[in-house]
There are 2 protein chains.
Amino acid sequence: MNKKTIQIKEIFDLYYSAPIEVWDTFAERLKTVTFNKNEEIKFPNTTEKKLYIINKGSAGIFLWKENHPVCIDLCFENDFFGDYLSLLTQKPTPLYTVCFEETEMFYITFSDLIDLYENSKFGAKIGRIAAESLFIHKQSQQIELLTQTAEQRYRYLLSKQPHIIQRVPLKHIASYLGITSESLSRIRKKIVK
Amino acid sequence: MNKKTIQIKEIFDLYYSAPIEVWDTFAERLKTVTFNKNEEIKFPNTTEKKLYIINKGSAGIFLWKENHPVCIDLCFENDFFGDYLSLLTQKPTPLYTVCFEETEMFYITFSDLIDLYENSKFGAKIGRIAAESLFIHKQSQQIELLTQTAEQRYRYLLSKQPHIIQRVPLKHIASYLGITSESLSRIRKKIVK
DNA sequence: TATAAAAATTGACCTATGGTAAGTAATGAA
DNA sequence: TTCATTACTTACCATAGGTCAATTTTTATA
C-alpha cells in the first residue's frame, strides 16, 4: 500500500470507512506537484481544472476586494484545496489560489474526477463525502463570523493551527478573520500583555 | 409524472440533468408534512433525522448565542432545509430549525437517504450534487460576511428575496446579517430616505 | 374587540474596528 | 552585505455598529 493510499484513507476515515481498494482507486489517479513559496496556482477569472490535497506546506484561497486581497480559506496538510466552486461549475470565478510556503500537493484533474464519479463504484460516494466535509467547514466559518468577535476568532484559529503565525503572513490571517492587519496587530498586542 | 418528481427535477436541473426515472426514484421516497407558523421542527442538541425540501412557506436555521437566537440560514420554496450538519454526522448539534409561516415540506428520512445513496445507481450522485450546492451557498454567505457592509448585505438580500420583509421577522433578518435589530432598523430608516 | 405580549423603532451613549500616516522590522534580490 | 521592498506595528482620529432604555407599532390571544 503506497503513501498516497494511506494518506487518502486517513483523510476520509473521519467520515467514511471503505475497503482499501477504494482508496487505491482514488490514490492511483493522484499526481504530485510542487509549488514555490508565493506561487499563484489558479488566477482570478479562470476555471479550476484540479482538485488538490495538500501533502506538505500551506496555501490560501483569495478574492480581490477593491484594493486588497481577502483570504477565504487557509489550507494545510491533508486539507482539500483549490477553487472548489469553479471546479464544480467549470466556470471562471474571481477566486484565486496561492501557496504560502514551498508546497507539495496531490491532485486529481477534473476529467479524472468526473470519470471516477461516473465509473467507479465508490467514486460518487467519495465525491459526496468530500463535498459534505467542505460544506461542514464552510458552515463553521460562517457561524464563527456571525457569533464571535475578531479576537475570539483569532484565538480559535491559533488554537487550531498553533504554528500559523510562522507559516502565513499576518495580513492574510487578518483578512481571513474579516479585519484589517492594523486591527489584528492591536489584538495581538493586547493578548501579549 | 407527479408534482414531486417535476419539482425535484427542477431543483436539481440547475446542477445536473438525469433521466426522469432518476427523479422518480427520489420523489417516490419523499413524504409531505405541514408545519404551523413558528413551529419548531428540530430542537437544539438533538439529531436531525430528515432532509427537507420546502414546497411552500419559509423557515430558518438557528443557533443560540448567549441571550438571543442567531439565524444562519433563511430558506424558501425549493430550498433544501434542515440541520444538514447533524443529518450528515448523525450527532446532536446546537442548531435548531423553525418555520416562519405555515409551511409545507417534502422530506426524506435519513435511513431512506442512506438507502438511496447506497442502493440506487444515481443515489450517491444526487447526494453529491446536493452537498455541492449547499457548499456553494455557504461559501457565498462567508464571502458576503467578509467583503460587504451590513447595508450592502441587506440590500443584496432584498434583491434576492424582495418579499422577505413580509415573510420573516426583522430580528431574524438582522441576526442573519450579523447585526442587531437596532442596527437593521437604522439601516432601513436610512434607505427609505 | 380588548388587552397583553412581542416586535420594531428611536435616541443617547459607547466600543470595536477602520483609515491614515508614520515608523520599524523583516525579507529578498542584486 | 546592501538596498529596496514588503510586512508589521503604533498612534491618532473617524465611524459602523452595539448597548440600554424608552416608545410606538404590530401581533396574538382571551
Side-chain angles (χ1 to χ4, degrees), chain A residues 35-40 58 60 62 64-71 74 98-102 144-158 163-193, chain B residues 35-40 57-58 60 62 64-71 74 98-103 144-158 163-193:
Chain A
F35 296 103
N36 295 323
K37 183 170 178 174
N38 296 323
E39 188 172 343
E40 214 156 324
S58 58
F62 293 86
W64 203 256
K65 164 73 180 172
E66 283 140 33
N67 53 347
H68 63 100
V70 174
C71 182
L74 298 164
V98 187
C99 276
F100 298 126
E101 309 167 291
E102 174 157 328
E144 271 186 75
L145 288 169
L146 285 176
T147 64
Q148 308 291 120
T149 64
E151 182 178 335
Q152 289 172 320
R153 296 199 294 276
Y154 176 65
R155 287 179 185 274
Y156 180 61
L157 183 61
L158 276 189
H163 302 298
I164 197 168
I165 300 307
Q166 286 74 251
R167 302 182 67 183
V168 179
L170 288 171
K171 62 176 179 177
H172 294 140
I173 295 175
S175 77
Y176 176 77
L177 296 173
I179 58 178
T180 60
S181 50
E182 291 91 337
S183 288
L184 179 56
S185 207
R186 281 176 218 117
I187 288 169
R188 282 162 51 76
K189 189 182 181 182
K190 187 178 149 201
I191 288 177
V192 176
K193 276 180 196 164
Chain B
F35 296 102
N36 294 323
K37 183 170 180 174
N38 296 324
E39 188 171 345
E40 213 154 326
S58 57
F62 293 86
W64 202 256
K65 164 73 180 173
E66 281 139 34
N67 52 347
H68 64 100
V70 174
C71 182
L74 298 163
V98 187
C99 276
F100 298 127
E101 309 168 289
E102 174 157 328
T103 299
E144 271 187 74
L145 288 168
L146 285 177
T147 64
Q148 307 291 120
T149 64
E151 181 177 337
Q152 290 173 320
R153 297 199 294 275
Y154 176 65
R155 287 181 186 273
Y156 179 62
L157 184 61
L158 276 189
H163 301 298
I164 196 168
I165 301 306
Q166 286 74 252
R167 302 181 68 183
V168 179
L170 288 171
K171 61 177 177 175
H172 293 142
I173 295 174
S175 77
Y176 176 76
L177 296 173
I179 57 178
T180 60
S181 49
E182 291 93 332
S183 289
L184 179 57
S185 206
R186 285 177 207 114
I187 287 169
R188 282 162 51 75
K189 190 181 180 182
K190 186 179 149 200
I191 288 176
V192 175
K193 276 183 195 162

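The chains referred to below are lettered A, B, ... by the order of the sequence lines, with proteins before strands, and numbering in each begins at 1. Remember, predicted model here, so these are calculated numbers, not experimental data.
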Go through [options] for me and flag the one nearest to the [X] side chain.
X	options	value
A:K171	C:dT17, D:dG17, D:dC8	D:dC8
B:E182	D:dG18, D:dT10, D:dA21	D:dA21
B:T180	D:dT9, C:dG18, D:dG18	D:dG18
B:K189	C:dG18, D:dC8, C:dT10	C:dT10

Name the residue closer to the 5' end of DNA chain D, choosing between B:N38 and B:I179 according to the nucleotide with the nearest heavy atom.
-> B:I179
Hey, does the side chain of [X] come within less than 4.0 Å of [N]'s phosphate (OP1/OP2), counting only N and O?
X	N	value
A:R186	D:dT9	no
A:S183	C:dT17	no
B:K37	D:dT27	no

Mark yes or no for whether A:K65, through its side chain, and B:T147, through its backbone, hold a donor-acceptor pair below 3.5 Å.
-> yes
Under 3.5 Å, is there a donor-acceptor pair between the side chain of B:R167 and the main chain of B:G57?
-> yes
Ignoring hydrogens and angles, answer whether the base of D:dG17 and the side-chain atoms of B:R153 contain a donor-acceptor pair closer than 3.5 Å.
-> no
Calculate the interatomic distance between [X] atom [atom1] and [N] atom [atom2]; express it in whole Å.
X	N	atom1	atom2	answer
A:I187	C:dT15	CD1	C1'	13 Å
A:R188	C:dT24	CZ	P	19 Å
A:L170	D:dT6	CG	C1'	13 Å
A:N67	C:dT20	CG	C1'	13 Å

With a 4.0 Å cut-off, would you call B:E182 and B:R186 a salt bridge?
-> no
Flag if over 12 foreign heavy atoms under 6.0 Å of NZ, A:K37 = no
